[in-house]
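A short worksheet on the structure shown next.
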Number of protein chains: 2
Amino acid sequence: MNAMLVCADCAVRDKALCGALSDGELAALNRIGRRRHLRRGETLIWAGEDNAVCANLLSGVMKLTAGTADGREQIVGLVYPADFVGRPWPGEAGVTVTALSDVELCTFPRAAFEAVLEDHVRMERLLLQRTFAALDEARNRMLALGRLSAGEKVAAFLLAMADRGSGCRATGFGPVTFDLPLTRGEMAEILGLTIETVSRQLGRLKAAGTIALPGARGVTIRDRAALEAAAGN
Amino acid sequence: MNAMLVCADCAVRDKALCGALSDGELAALNRIGRRRHLRRGETLIWAGEDNAVCANLLSGVMKLTAGTADGREQIVGLVYPADFVGRPWPGEAGVTVTALSDVELCTFPRAAFEAVLEDHVRMERLLLQRTFAALDEARNRMLALGRLSAGEKVAAFLLAMADRGSGCRATGFGPVTFDLPLTRGEMAEILGLTIETVSRQLGRLKAAGTIALPGARGVTIRDRAALEAAAGN
DNA sequence: CGAGTACTTGATCGTGATCAACGGGTGTGG
DNA sequence: CCACACCCGTTGATCACGATCAAGTACTCG
């Protein structure tokens with residue numbers, strides 16, 4: 001595979017960290033980067049193992065999970081195309097990174113990526129800004145986990161997914177439809193609930209006419225104002 | 001106040017971000033830094049306001065809180081001496097930063113700090129590493145908030161505070177005593193519980209002989225193994 | 001010494017977990 | 001092509017954990 005081609009046809013070329021680099025500079029990344037596919041359910045990084053790879057997600061969605069000793073699991077973050085996963089420095093991974101759908105990744109050996117980062121301050125700055133953003137998001141989720149009721153959690157989650165899924169289109173009223181990249185069980189893992197509770201809350205919103213649930217994964221927001229009210233805004 | 005003196009007698013000189021700088025380079029920070037005191041309960045940064053200051057904490061403890069529209073609050077992080085608070089780039093603060101005890105800070109105007117960061121790559125790297133660490137911690141707390149029972153939350157919290165408070169002394173058995181920098185109400189805000197539940201769980205651990213509660217804020221761990229078992233490890 | 005705040009303890013209630021059964025879609029193999 | 005199994009989701013019944021409401025106790029500080 002021609003090295004330049006790897007980046008030339010990259011779907012997230014200017015949205016990912018690499019956007020900090022000129023076409024010329026990309027050569028450094030090209031040399032160490034490798035495309036990789038994972039099927040739904042396959043894991044890229046296991047919590048507790050030494051950091052071995054960093055990666056940009058090209059397509060699909062992944063989840064970050066933390067778990068207790070006795071097997072309970074909590075999804076602590078979602079990874080979308082152009083997002084970065086992994087840690088550039090030696091140490092133990094704190095979370096497990098698993099594909100929620102079939103995914104395509106651009107992976108880098110950790111040490112090699114560290115070296116590239118060393119030479120490209122702008123890329124390091126972008127990484128820092130992304131990390132701050134991830135921290136803000138994590139803290140928002142902490143608020144949700146600790147203080148929202150089940151109904152509020154589900155409503156807030158749907159709103160967040162709608163904004164992600166439909167590309168931040170203006171807060172238009174009128175129905176918006178999108179597909180969840182998650183099963184009910186995974187929604188429960190994100191929200192700190194059980195699968196039954198998630199199902200019931202969705203049912204309640206549907207019964208109220210706030211949303212519709214076309215097909216297994218589809219969601220239609222029929223009354224955004226009501227959904228926002230249910231989310232406690 | 002003599003600029004050099006500010007850093008020369010700094011309690012956290014080599015543990016904070018500034019540790020990345022040589023004595024000479026510190027001049028840049030010295031010029032823009034200002035010591036500031038806050039009393040217990042006073043707030044340095046309000047969520048929603050534009051980023052105006054960055055700071056290193058010199059002494060005392062602070063809390064980071066997020067809140068819902070209707071006034072519920074969740075503590076999403078604690079800040080200890082040598083820790084950094086604030087964001088170097090323009091934007092809105094996501095969390096409120098409030099003193100839990102009387103604190104001493106070394107504050108920098110945001111824009112000026114951004115400029116210093118620009119010139120000192122090693123400091124930026126340290127900040128990135130700290131931010132990754134903060135993210136790991138936040139994600140661990142998400143696991144606790146979403147999946148641990150009240151008893152597990154309280155036990156795990158005491159263990160974490162013991163390790164912080166007593167300076168990571170080896171996992172020695174035998175009693176360890178320390179003071180919590182938090183009220184019961186604040187513990188509840190961290191753990192996503194109510195004050196009564198926290199009090200009851202502490203009472204239960206005390207009744208079991210696992211801990212003792214000398215004075216209002218004191219905690220003695222009498223049986224670390226039992227406490228770890230209660231935390232689900 | 002009195003007032004206020006933090007903490008504890010008790011009684012009751014409600015939300016969400018748990019246990020259980022069932023329906024619908026999908027893929028596999030006979 | 002259908003039968004079957006499996007997974008995912010829904011729905012119902014019950015239970016328990018933690019919230020809420022309510023007193024009452026211990027420290028601190030004026």
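- When the nucleotides C:dC7, D:dG18, D:dT11 are ranked by their closest atom to the side chain of B:R184, C:dC7 comes out on top.
- Of all nucleotides listed (C:dG16, D:dG9, C:dC7), C:dC7 comes nearest to the side chain of B:T183.
- A side-chain N or O of A:S149 and one of A:E152 form a donor-acceptor pair less than 3.5 Å apart.
- One atom, CZ of B:R147, and another, C1' of C:dG16, lie 12 Å apart when rounded to the nearest Å.
- Dashed line: the shortest gap from a side-chain N or O of A:T194 to OP1 or OP2 of C:dA17 is under 4.0 Å.
- The side chain of B:R217 places an N or O atom within less than 4.0 Å of a non-bridging phosphate oxygen (OP1 or OP2) of C:dC7.
- Here the C1' atom of nucleotide D:dT20 and the CG atom of B:L193 are 14 Å apart, to the nearest Å.
- In this entry the distance linking CG of B:L148 with P of C:dA17 reads 14 Å, nearest Å.
- B:I211 pairs with exactly one of B:L158, B:T220, B:V154 by the side chain to side chain contact (heavy atoms under 4.5 Å, CB included) rule, that one being B:L158.
- Comparing B:K206 and B:R40 by the nucleotide of DNA chain C whose heavy atom lies nearest to each, the residue mapping closer to the 5' end is B:R40.
- A:G151 comes within contact range of no nucleotide atom at all, as no heavy-atom separation falls under 4.0 Å.
- The base of D:dC21 sits with one of its N or O atoms less than 3.5 Å from a complementary donor or acceptor on the side chain of B:E196.
- For D:dA19, the OP1/OP2 oxygens have a side-chain nitrogen or oxygen of B:T197 closer than 4.0 Å.
- What separates NZ of B:K153 from P of D:dC17 is a distance of 14 Å, to the nearest Å.
- Residue A:R200 places no side-chain atom within donor-acceptor reach of the base of D:dG9, judged by atom type and a 3.5 Å distance cut-off alone.
- If you take CE of A:M187 and P of D:dG9, they are 9 Å apart, rounded to a whole angstrom.
- The CG atom of B:L202 sits 17 Å away from the P atom of C:dA6 (whole-angstrom rounding).
- Between the side chain of B:Q201 and the base of D:dC17, no donor-acceptor pair under 3.5 Å is found.
- Other residues, nucleotides and ligands contribute over 12 non-hydrogen atoms within 6.0 Å of the CZ atom of A:R72.
- Look at CD on B:E189: it is 12 Å from P on C:dA6, rounded to the nearest Å.
- Following rounding to the nearest Å, A:I195 (CD1) and D:dC8 (P) show an atom-to-atom distance of 8 Å.
- Across all strands, A:G215 comes closer than 4.0 Å to no nucleic acid atom at all (heavy-atom distances).
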- prompt: Can you list the steps and then say if A:T43 with A:T98 is a side-chain hydrogen bond (donor to acceptor under 3.5 Å, both in side chains)?
  reply: CA-CA 4 Å; A:T43 292; A:T98 305; 3.0 Å; yes
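- Partner of B:E104 under the salt bridge (charged side-chain N to carboxylate O under 4.0 Å, His left out) criterion, out of B:R34, B:R39, B:R35: B:R35 alone.
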